[in-house]
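Residue numbers start from 1 in every chain, and the chains themselves are labelled A, B, ... in the order their sequence lines are given, proteins ahead of strands.
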Protein chains: 2
Amino acid sequence: MPGVFLKDALVTLKESGVRITPQRHAILEYLITSHTHPTADEIYKALESDFPNMSVATVYNNLRVFQNAGLVKELTYGDASSRFDFVTHDHYHIICDECGKIVDFHHPGLEEVERLAAHVTGFKVNSHRLEVYGTCPDCGEAQNEAK
Amino acid sequence: MPGVFLKDALVTLKESGVRITPQRHAILEYLITSHTHPTADEIYKALESDFPNMSVATVYNNLRVFQNAGLVKELTYGDASSRFDFVTHDHYHIICDECGKIVDFHHPGLEEVERLAAHVTGFKVNSHRLEVYGTCPDCGEAQNEAK
DNA sequence: TAAACTAATTATAATGATTATAAAGAAGTA
DNA sequence: TACTTCTTTATAATCATTATAATTAGTTTA
């Protein structure tokens, strides 16, 4: 039921006084239905046919709006551009070192790590970020064949 | 004994056939002695007085060299520029949401999380990245006083 | 030691993601 | 309708990082 996420998101936005423009609707929908953690440019390109006049700035602006509303998270890795992820329930990412593919996986939150960190540093902890890196099945297979 | 780290690092570099130039020596030393996870530009500025002719490219080039030798890690957050961290023993970072301060803390590796991720996704796991976010004691205090 | 080769540095330009700005358009309200 | 506010668009600006070419320094070999 991907439609549920979209509807909920629109309600959340409306409640925080954000207008639902066609562009915003389309960007949100793309984030939810394409399960690909896209870059801003990928979103821009994907919606080009439907919105030939849309500006890149609109994509960035609205991604920021969505982040402020807590609907979207920005993922920054070493490479050039950020990726954006529609927030559903908490999950972590595993990323292929070879091809860059990002796959979701679920794991209970690391409260114990947060507690320890708070204890030894004196910080008041808000959140954490965890990513696992490795080789995805496709790339692993390709490496075996190359031998 | 910060000198030990520097000496070890220089040995490591020499063993992988990397020449020890004055610039490299200075960049490494700065990374080790300043405990501040600096950006490339901060390193560049800090060494300006000693190396008035040094190019920014040299800083970037050598940070890359150090990374390839496993001596330095690049830390990428949401903001514009990467930060660089001299690798001693494994540790994690806790980052202040208010002022951006980065503090190290130690915690046993999360092998169990890696195992689970490998199991559910079929990836061959290489590594992981974990950061905790919160408010540092200084900023927390400042907030209390403001009330 | 000098010549020859290789690696490193410098200076500068190019790239490319993101942000700022100003003008035009759309929606909401009195 | 006029007014206000928000949003989008088009474009230019910013800024971190990388690429390039020329110069310099270090290492090797004769």
Tell me, do A:Leu110 and A:Leu130 make a side-chain contact under 4.5 Å, heavy atoms counted? yes
Nearest-angstrom distance from the residue atom CG of A:Asn53 to C1' of D:dT7: 14 Å
Taking the nucleotide of DNA chain D with the closest heavy atom to each, which residue, A:Val65 or A:Val56, is nearer the 5' end? A:Val65
Report which part of the nucleic acid A:Thr58 touches: base, sugar-phosphate, or nothing (heavy-atom distance under 4.0 Å, all strands). base
Between B:Gln23 and B:Thr58, do the side chains contain an N or O donor and an N or O acceptor separated by less than 3.5 Å? no
From the options D:dA16, D:dT9, C:dA8, select the nucleotide whose nearest atom is closest to the side chain of B:Val18. C:dA8
Atom-pair distance (CG on A:Leu13; C1' on C:dA27), nearest Å: 16 Å
B:Ile20 CD1 to C:dT9 C1', in whole Å, measures 15 Å
Between B:Arg64 and D:dT17, does any side-chain N or O lie under 4.0 Å from OP1 or OP2? no
Separation of B:Asn62 atom CG from C:dA7 atom C1', in whole Å? 11 Å
Just the rounded figure in Å: distance from C1' of D:dA25 to CZ of B:Arg24. 12 Å
Looking at B:Tyr60, I'd like to know whether one of its side-chain N or O atoms comes within less than 4.0 Å of OP1 or OP2 on D:dT17. yes
Identify, between B:Asn61 and B:Glu74, the residue whose nearest nucleotide on DNA chain D lies closer to the 5' end. B:Glu74
Is there side-chain contact between B:Met54 and B:Glu48, with at least one heavy-atom pair below 4.5 Å? no
Return the value, rounded to whole Å, for the distance between atom CD of B:Gln23 and atom P of D:dT24. 14 Å
Is A:Glu74 paired with A:Arg83 through a side-chain N to carboxylate O contact shorter than 4.0 Å? no
Under-4.0 Å side-chain N/O to phosphate OP1/OP2 contact, A:Thr21 with D:dT8: yes
Just checking, is any N or O donor in the side chain of A:Asp85 or A:His91 under 3.5 Å from an acceptor N or O on the other one? yes
Tell me which nucleotide among C:dT18, C:dT10, D:dT9 gets nearest to the side chain of A:Ala40. C:dT18
Using atom CE of A:Met54 as one end and atom P of C:dG25 as the other, report the distance to the nearest whole Å. 19 Å
Compare the minimum distances between each of C:dT12, D:dT17, C:dA17 and the side chain of B:Ser81, then state the nucleotide with the smallest one. D:dT17
When rounded to whole Å, the CG to C1' distance for the pair A:Asp41 and C:dT19 reads 15 Å
Base, sugar-phosphate, or nothing: which does A:Ser82 touch, judged by heavy atoms less than 4.0 Å apart? sugar-phosphate
Counting only side-chain N and O atoms of A:Arg19, is one of them less than 4.0 Å from OP1 or OP2 of D:dT5? no
